[in-house]
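Notes to accompany the following structure.
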Amino acid sequence: MSMALVQKLAAESVVGVRSGQNLQDVLAAIRQRYPDLSPQENGGLQDIAYGTQRYRGSLHFMLSKMLKKPITDLKLESLLLVALYQLAYTRNASHAVVNEAVEGIAAIGKGQYRSFANAVLRRFLREQDQLTALCKKNDMAKYNLPEWWIHYLQNHYPKHWHNIVAVWQQLPPMTLRVNRRRLNAEQYIELLRQADIDGKALDDYAVMLSDAVPVHRLPGFSEGVVSVQDFGAQQAAYLLKPKNGERILDACAAPGGKTGHILEYADCDVTALDIDKGRLKRVADNLQRLGFQTATLQCADAKDIQAWYDGQAFDAILADVPCTASGVVRRNPDIKWLRRPGDAMKTARQQEALLDVLWQTLTKNGRMLLATCSVFVEENEQQLQKFLNRHADAVCSESHVLLPNKQQDGFYYALIQKQ
C-alpha cells in the first residue's frame with residue numbers, strides 16, 4: 001500500500017469537508033479519479049478520512065497547542081491532521097507515518113514546510129501523553145463536537161448527553177436484519193458461526209456482529225437472506241405494522257432498507273417514492289436482491305403531488321423525512337462539523353410542507369409514521385406538535401425517541417392516525 005498516496009487523498013477529503021461538502025461525496029469523487037486504488041489503499045483511505053472527522057476536535061486542539069500561530073495553508077493543515085490521526089489512533093508505524101507525511105508536505109509550495117512538519121510530528125510523538133491529558137480540559141477536544149452542539153445536548157438531554165457524546169466517539173456497530181420470510185436471528189447466527197463470524201441476536205430478526213465484515217462474507221447476502229441495517233432503523237416497520245393487502249407509501253424511500261423491511265413484513269402493495277433517480281436505482285437493486293419485484297418505484301418530488309399521486313389513497317405512509325441526520329453522526333462524523341445551529345429549524349420548515357402533502361394522500365383511519373434520524377427536537381417532538389395543531393383529524397397514538405447507544409443510532413418515530 002502506498003501510504004503517501006493514501007495520506008494525500010485523505011487530506012483532500014479533509015479539505016473537502018472544510019469547504020462544506022459531504023465526506024461520502026468527496027470520497028466518491030476521489031475514487032472516481034483514482035479507480036486503480038488497491039483494496040488496502042481503499043480501506044486505509046476510508047479509515048483515515050472518517051477517523052480524522054471523528055476525532056477532529058482533539059486533533060485540531062493538539063495541533064494548535066504545538067503552534068505559535070494558526071496555519072493558513074489548508075493543504076498543510078489537513079496533511080498534519082491526517083498524520084496526527086494515524087499517530088494517535090492507528091497502529092501504523094510512527095516512523096513511516098512521519099516520513100511519508102513530511103515528504104508529502106515537502107511537495108506543497110517550494111518545500112518550505114518540510115522541516116516545520118518534521119518538527120511538529122516529532123514533537124507530538126514526544127509529548128503525546130501531555131497533549132492527550134490537555135484534551136480533557138477542553139470540551140471540543142474532549143467530546144469531539146462543536147461547542148454549540150454540546151450545549152444543545154446538555155439543554156435537551158440533561159440526563160443522557162454524556163452517554164450520547166461517548167457513543168458518538170466509538171465506531172458504529174454492523175447490524176443485520178434477517179429476512180423473516182427465510183430465517184430468524186438464531187438460525188442466521190448458526191450460519192455466521194459456520195462462516196467464522198461472531199454475532200449476537202438483538203431481537204427475533206436483528207443480529208449485531210462483534211466486528212464488521214465485507215458484505216460478500218455474509219452468508220446468503222446476495223440471495224436476500226440478510227440486509228445491513230441499523231437496529232434503530234429496523235424499528236420503522238415494526239411501528240408501521242404493515243398488513244397483507246394494504247396500499248403503503250414509502251416517501252423518500254432511498255436507499256430502500258425500510259422499503260425492503262416492509263415487504264418482508266407483509267404482502268402489501270408498496271409505492272417507493274424518491275426525488276433522486278440515482279438513489280432510486282439503489283432501492284431497485286435492494287429490492288431485486290431481496291426478491292421483491294412487485295413494488296412501484298417513482299422518481300418525483302414528494303411535495304409535488306401532481307407529479308406522482310394517482311388519487312388512490314394509501315392505508316399507511318412511512319414519512320422518513322429529510323433531516324439534519326444528527327442521530328447518525330457515529331456513521332457520518334463529518335455531520336458534526338457541517339451542521340450549523342439554525343439548520344434543524346430550516347429542515348423542520350421543509351418537512352412541514354412535505355408532511356402536509358403526504359397527509360392528503362392518506363385514507364380515513366389510515367396511519368402515517370413520521371420518522372427522522374435526528375436528535376434535534378425541532379425536527380421531532382416540536383414537528384409533531386405543530387403537525388397536530390395544523391390537522392384537526394390527526395391523533396398521535398405513540399412516539400419514541402431512540403437515543404444513540406451501543407446498539408443503535410439516534411432516531412425519532414411518531415405514529416399519527418387519521419380520524
Side-chain angles (χ1 to χ4, degrees), residues 176-185 187-188 202-206 224-227 229-274 280 283-284 286-298 302 305 308-321 354-355 357-373 384 387-388 391 393-400 402 411-419:
L176 311 177
R177 183 188 80 237
V178 182
N179 185 342
R180 61 177 50 227
R181 291 174 182 253
R182 311 282 288 276
L183 296 173
N184 62 29
Q187 290 166 322
Y188 191 72
L202 298 179
D203 68 11
D204 290 346
Y205 300 99
V225 174
V226 71
S227 300
Q229 189 182 33
D230 183 84
F231 189 53
Q234 291 184 37
Q235 305 314 306
Y238 295 123
L239 290 165
L240 194 65
K241 292 189 184 70
K243 296 179 190 72
N244 291 345
E246 284 190 321
R247 260 175 68 78
I248 297 182
L249 173 66
D250 184 359
C252 320
K258 297 184 183 82
T259 322
H261 198 185
I262 289 169
L263 287 161
E264 287 169 11
Y265 199 98
D267 291 317
C268 42
D269 175 6
V270 172
T271 297
L273 181 66
D274 204 89
L280 200 60
V283 180
N286 248 321
L287 296 183
Q288 191 177 3
R289 183 180 61 78
L290 291 168
F292 296 121
Q293 314 298 337
T294 53
T296 304
L297 271 59
Q298 281 190 279
I305 196 166
W308 62 270
Y309 183 51
D310 62 3
Q312 222 186 320
F314 294 98
D315 300 299
I317 296 173
L318 172 56
D320 192 358
V321 291
L354 177 58
L355 291 167
V357 166
L358 295 175
W359 192 246
Q360 294 172 45
T361 71
L362 188 65
T363 188
K364 281 215 172 81
N365 300 317
R367 62 207 184 279
M368 178 167 80
L369 184 68
L370 164 62
T372 76
C373 56
L384 170 68
F387 184 84
L388 297 175
H391 298 275
D393 57 350
V395 176
C396 178
S397 59
E398 57 180 307
S399 67
H400 303 270
L402 304 187
F411 287 86
Y412 176 78
Y413 294 112
L415 191 64
I416 309 167
Q417 308 283 347
K418 193 173 205 175
Q419 301 259 300

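Any value given below was found using the heavy atoms of this structure, including those in side chains, with hydrogens, waters and symmetry copies removed.
- Side chains of Leu240 and Tyr265 form no contact here, defined as non-hydrogen atoms less than 4.5 Å apart.
- Applying the side chain to side chain donor-acceptor pair (under 3.5 Å) criterion to Asp274, with sequence neighbours excluded, gives no partner residue.
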Apply side-chain contact (heavy atoms from CB on, under 4.5 Å) to Leu287 and Val270, showing your working. CA-CA 11 Å; Leu287 296 183; Val270 172; over 6 Å; no

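- Taking both residues in full, the closest heavy atoms of Ser227 and Leu290 are given as OG-CD2, 3.6 Å, listed atom of the first, atom of the second, then distance.
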Contacts under 3.5 angstrom, residues 248-255 side chains, donor-acceptor by atom type, not counting sequence neighbours:
{"unit_1": "Asp250", "atom_1": "OD2", "unit_2": "Thr259", "atom_2": "N", "d": "3.4"}
{"unit_1": "Asp250", "atom_1": "OD2", "unit_2": "Thr259", "atom_2": "OG1", "d": "2.6"}

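- Counting all heavy atoms, side chain and backbone alike, Pro242 lies closest to Cys268 at CB-SG, 4.3 Å.
- Smallest separation of non-hydrogen atoms from Leu384 and Ser399: CD2-CB, 4.5 Å.
- Looking only at distances, a side-chain donor or acceptor of Gln187 sits under 3.5 Å from a matching main-chain atom of Asn184.
- Partners of Ala185 under the side chain to side chain contact (heavy atoms under 4.5 Å, CB included) rule, at least two apart in sequence or in another chain, are Ala201, Val207.
- The line from CG of Leu354 to CG of Leu370 is 10.0 Å long, rounded to the nearest 0.5 Å.
- Every residue meeting the salt bridge (Lys or Arg N to Asp or Glu O under 4.0 Å) condition with Asp269, not counting sequence neighbours, appears here in chain and number order: Arg247.
- Side chain of Gln234 to main chain of Leu176: a donor-acceptor pair is present (N/O by atom type, distance under 3.5 Å, no hydrogens or angles).
- Gln417 contributes atom CD, which lies 5.0 Å from atom CG of Leu415 (distance to the nearest 0.5 angstrom).
- Residues meeting the salt bridge (Lys or Arg N to Asp or Glu O under 4.0 Å) test with Asp204, sequence neighbours left out: none.
- Summarising the geometry, atom NE2 belonging to His261 is positioned 5.5 Å from atom CZ belonging to Arg180; distances are rounded to the nearest 0.5 Å.
- Qualifying side chain to side chain donor-acceptor pair (under 3.5 Å) partners for Glu398, counting only residues two or more places apart in sequence or in other chains: His400.
- For Trp308, the side chain to side chain donor-acceptor pair (under 3.5 Å) test picks out no residue, with sequence neighbours left out.
- Every residue meeting the salt bridge (Lys or Arg N to Asp or Glu O under 4.0 Å) condition with Arg181, not counting sequence neighbours, appears here in chain and number order: Asp267.
- In this structure Ala313 satisfies the side chain to side chain contact (heavy atoms under 4.5 Å, CB included) test together with Tyr309, Thr363, sequence neighbours excluded.
- Nearest approach of Leu273 to Leu280, heavy atoms of both residues: C-CD1, 4.5 Å.
- Between Asn179 atom CG and Glu264 atom CD the span is 3.5 Å, to the nearest 0.5 Å.
- Scanning for salt bridge (Lys or Arg N to Asp or Glu O under 4.0 Å) contacts around Arg367 gives Glu246, with sequence neighbours left out.
- Here the closest non-hydrogen pair linking Leu183 and Val225 is CD1-CG1, 3.6 Å.
- In this view, Asp230 and Ala233, Arg331, Gln408, Asp409, Phe411 satisfy the side chain to side chain contact (heavy atoms under 4.5 Å, CB included) rule, not counting sequence neighbours.
- Between the CE atom of Met368 and the CG atom of Leu358 there is a distance of 6.0 Å, given to the nearest 0.5 Å.
- In this view, Asp203 and Tyr205, Ala206, Phe231, Tyr238 satisfy the side chain to side chain contact (heavy atoms under 4.5 Å, CB included) rule, not counting sequence neighbours.
- Scanning all heavy atoms of the two residues, the minimum distance from Lys258 to Asp320 falls at NZ-OD2, 2.8 Å.
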